[in-house]
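All heavy atoms count here, side chains included; hydrogens, waters and symmetry mates do not. Only a predicted model underlies this, so the values are computations on that prediction, with no experimental measurement involved. Naming convention: chains lettered A, B, ... in sequence-line order (proteins, then strands); numbering from 1 in each chain.
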Amino acid sequence: MSRMARGLIVLAGFVAAVLVGGSPQVGAQGAWPTSDSYVNADKDAASWLLPARNYSGNRYLSETEITPANVGTLKKAWSANVDARGPLETSPIVWNGTMYVTSSHNDVYALDAKTGAVKWHFPYKPHVIAFSANRGVALSDGKVYEGTLDGHLIALDATSGKPVWNVVAAHDLTNTFYTMQPVVYKNMVLLGASNGDWGGIGYISAFDAATGKRLWDWNAIPGPGEAGHDSWSGDSWKRGGGAIWSGIAIDPATNTLYADTGNPQPDFLGTIRKGANLYTNAMVALDIGGAKPKLKWYRQFIPHDTHDWDPAMPPVLFTGSVNGASRSLVAAGDKGGNFWVLDAGTGALVYRLAVSTQKGQSTEPNRKGNIACPNTNGGVEFNGGSYMPETNAFYVPSVDQCGIWKSQGTATYVAGQFYLGGSFPALYGPSTGYVNAVDIGTGKFMWRKHLAFPQIGGALSMSAGLVFTGGVNGDFTAYDAKTGNVLWHYATGMTIQAPPGSYVLDGKRYVVVAAGPAGVNFADPRLKQGAPTLEGSYKHPTSATITAFTLP
Amino acid sequence: MRTIALGLAAVLILSGAAPARSPVDDHASALAALADVRAAVAEIVRIEDGYAVGHGAYLRAAHRAMNALVGRRDDGYVKSFGDPGDGVGTLGYLDLMLDKAGTSLWTPAVQGAKANVLAAAEDLQSALAQKEMEEYQADLTRALASLALVVGRPSQSGVLGGLSGALANTSLGVPLGALSASGCAAPAHAPAYGVVAGRLAYVALPRSAASAGIPDDLSVARVVVQGDTVVLYTHAARDAAALCRSAARLQRTRSVVAAPSKISYTVAQARAGAGVYRRYCLQCHGADLQGTAGPSVAGADFLATAQRNKWSLSDLRTTVFENMPFSNPGSLTPKQYADVMAFLLASNCYASGSKPFPQTASASLATVKLAQVARAKPANSKLGTCPAK
């Protein structure tokens, strides 16, 4: 069925083009954002053009309309239902009064950003390899780009939702799929592949934004003859992992791409891949100004990881004050519960702070099983956090869990199955979460809130002194950026594992967030039993919604 | 109407639907090779039908036909006479198609076409050396006969079908980027290309597109109109259908061999497993077992994936016992895991037996490959699942 659907989309695209006698129209000149719009995305109060608003990856907004004083009156403006067959992780893109969002099974929706009315809907039926998730689209030059669960990159006409082109973008369709939100930079669509627990090698690719033609791949695992190759014993590099799957940041001034690479494979068995296993569990800075990316520097967070503790948080570039000195920094967070701050120019470590409980981290999983924290879905997750210059603080949610880790003596590769050399750990003890405010000046906590449920929604900070984030139990909450006090909350009644966004329309500022059923990682049994929220109890949802809020 | 077909291909490429042109877009190469042959033939026919006087015009025609056939990279190419083709030449395109590892169903046809182009080029070379008009004409006639074989005919596959036959009856007829559907099933949508083991079984067009004309590079053996879709079955369709039947038969036989005594579970287990599934699995895999947050675990999509990836019953067991439920792996009892395995086997239409599904690992499970069960009658024919009873 899915193969059929793929063929059809390509064919449907060309027939549509033939029938209307030309390529689809894109509206008036200047109707779409340009390269400059992306570089200056922070200055455009009305729009939300990139996954985390700007190339820096900093989900921060200079904003004075919604303040700690009036946020308590924030009300739902509208909500829109989308396909509910999985969790919503979409980061909405907003341009010119239209919002573009995705569902877990790759349906794409264009919504009226004022009313939530559906302008067009692109349905898709991908074969699902392991789990369904999608973090959203990229918008450029009248096209909407989406990476799919069956390894395609699709360009839709942004006005009509009709396919313009559809290419097979992943190299190994048995083990590889896309969940990452593509990023448009210059003429390129940048997209990393999810294959890091299925026997693949991680890579990020650039595609020509006009045609979908592949321009380059950058492999996270060095092959024979390349620097770093000797950090793998034997042939273990061939299924070494290092997926680049969460999100990226770009410094346009130097054409530097910052990406985090995933865990090595087999996840829980280190004995057959002796060495540091470069460049897994690392941040890499790539010069993408030329025809092929060049590695400028790398910083490996957890060498030779045996716990699937990859740096899931997308990199955030910012200028912060450290011990009174202004510095160009880049932040990272990993599932091992570490929050990292590096020098953005060199990758040198500034400091590290544990934002989740850490225990038993130096023991490799064995046949008997040992307890280590965080659990495999713990620590800092894929929506990351944001830096606020006004407080010189970094706001990052985290998950607090422990697990019982076991490995086997061998790892067997089975096509389309996890390549683990063991099994994912069983949850040990409670499953909770934190919202953390890290003082960048000292590397210590400014404040942190311990919450009953894992926090994976990512943080949006606003200069007036607000931090928005959502929890697995569906609470969408605004915190006072200085104190951590809860200033406003709204119970979506669903699981929030998508990051908040914001935009201005007709002079009114909106805050938006997606919520839906829990994803496979966060299907907490408590949710089925009516988990407590700040406004009553959670009922397992049969719908998935995008909700926008505004001041009355 | 050939221009329509070429037009479609051109739109496909211009609109970016076929951006992955590397290494070689065989469909486009075949169309271009054919265009160059036709240009060469037109050149010869024009001079033979005309009333030109003197050697000059005849030599010029032979040179121009030669240029279209061999392309500018060949020694036989003489630029000053002009080129009615596109410069790459039929030979250039055919070499592009043949110069790679592995063979396709259309490879013999393309090899045959190349041999005939070389023969025609030989005759043209000979014509250029002739002084007498009669000898010259005899050479051109021989060249035309060879070129007719290069063009071939859409109703025939193999070497005798030439390029037209290969385009009309094999996967060569599918434009790059237009991913094809299995030709064993009737088209569910249009447009679609139905392909079976390299054979092009049908082209399904929306009625609106078909009414504008049927591309004549197709060999239409049978036209079926179903609703808004016009299905053009090729001459290869019958051959393809036979292949589909024998593949289905083989698969049935294989499953019968694979499925036996080693797979066993009891009805009681499957019933208990349905409860375990509802409580711990349904949230991600869905009430219809087709997957929501997680993947499908029963029916046509699941079994097709299992077969493609050669999953054994042991692989399935490992995933279930050790990595599920994904939010808390290993948290069920061995009995619950065995019961849910029984439920999954029942849902995939495996027959129950007297022996329960084991609660501990068993080496024999590794020898059982998951596959569609022979003569299974799924209660849900669309999803291919059976009720656990």
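Residue N323(B) holds its CG atom at 10.0 Å from OG1 of T376(A), rounded to the nearest 0.5 Å. Atom OG1 of residue T318(B) and atom CD of residue Q408(A) lie 7.5 Å apart, to the nearest 0.5 angstrom. If you take OG1 on T305(B) and CD on Q417(A), they are separated by 10.0 Å, rounding to the nearest 0.5 Å.
Taking every heavy atom of both residues into account, Q283(B) and A518(A) meet most closely at NE2-CB, 4.3 Å.
Within the 4.5 angstrom heavy-atom criterion, only side-chain atoms of F418(A), from C-beta onward, approach chain B. Residue S331(B) does not touch chain A at all, counting heavy-atom pairs closer than 4.5 Å.
Between the side chain of S132(A) and the main chain of T292(B), a donor-acceptor pair closer than 3.5 Å is present.
Dense packing is recorded around CZ of R526(A), with more than 12 heavy atoms of other residues, nucleotides or ligands lying under 6.0 Å away.
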*asked:* Run the side-chain contact (heavy atoms from CB on, under 4.5 Å) test on T174(A) and R308(B) for me, step by step, so that the C-alpha distance in whole Å, both residues' side-chain angles and the decisive distance to 0.1 Å come before the verdict.
replied: CA-CA 9 Å; T174(A) 304; R308(B) 190 169 62 242; 5.5 Å; no
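Comparing F321(B), W311(B), Y280(B) by heavy-atom pairs within less than 4.5 Å of chain A, the highest count is held by W311(B). The candidate from L420(A), N521(A), L149(A) with the greatest count of non-hydrogen atom pairs under 4.5 Å with chain B is N521(A). Counting heavy-atom pairs closer than 4.5 Å to chain B, the top-ranked of the candidates A130(A), G519(A), G403(A) is A130(A).
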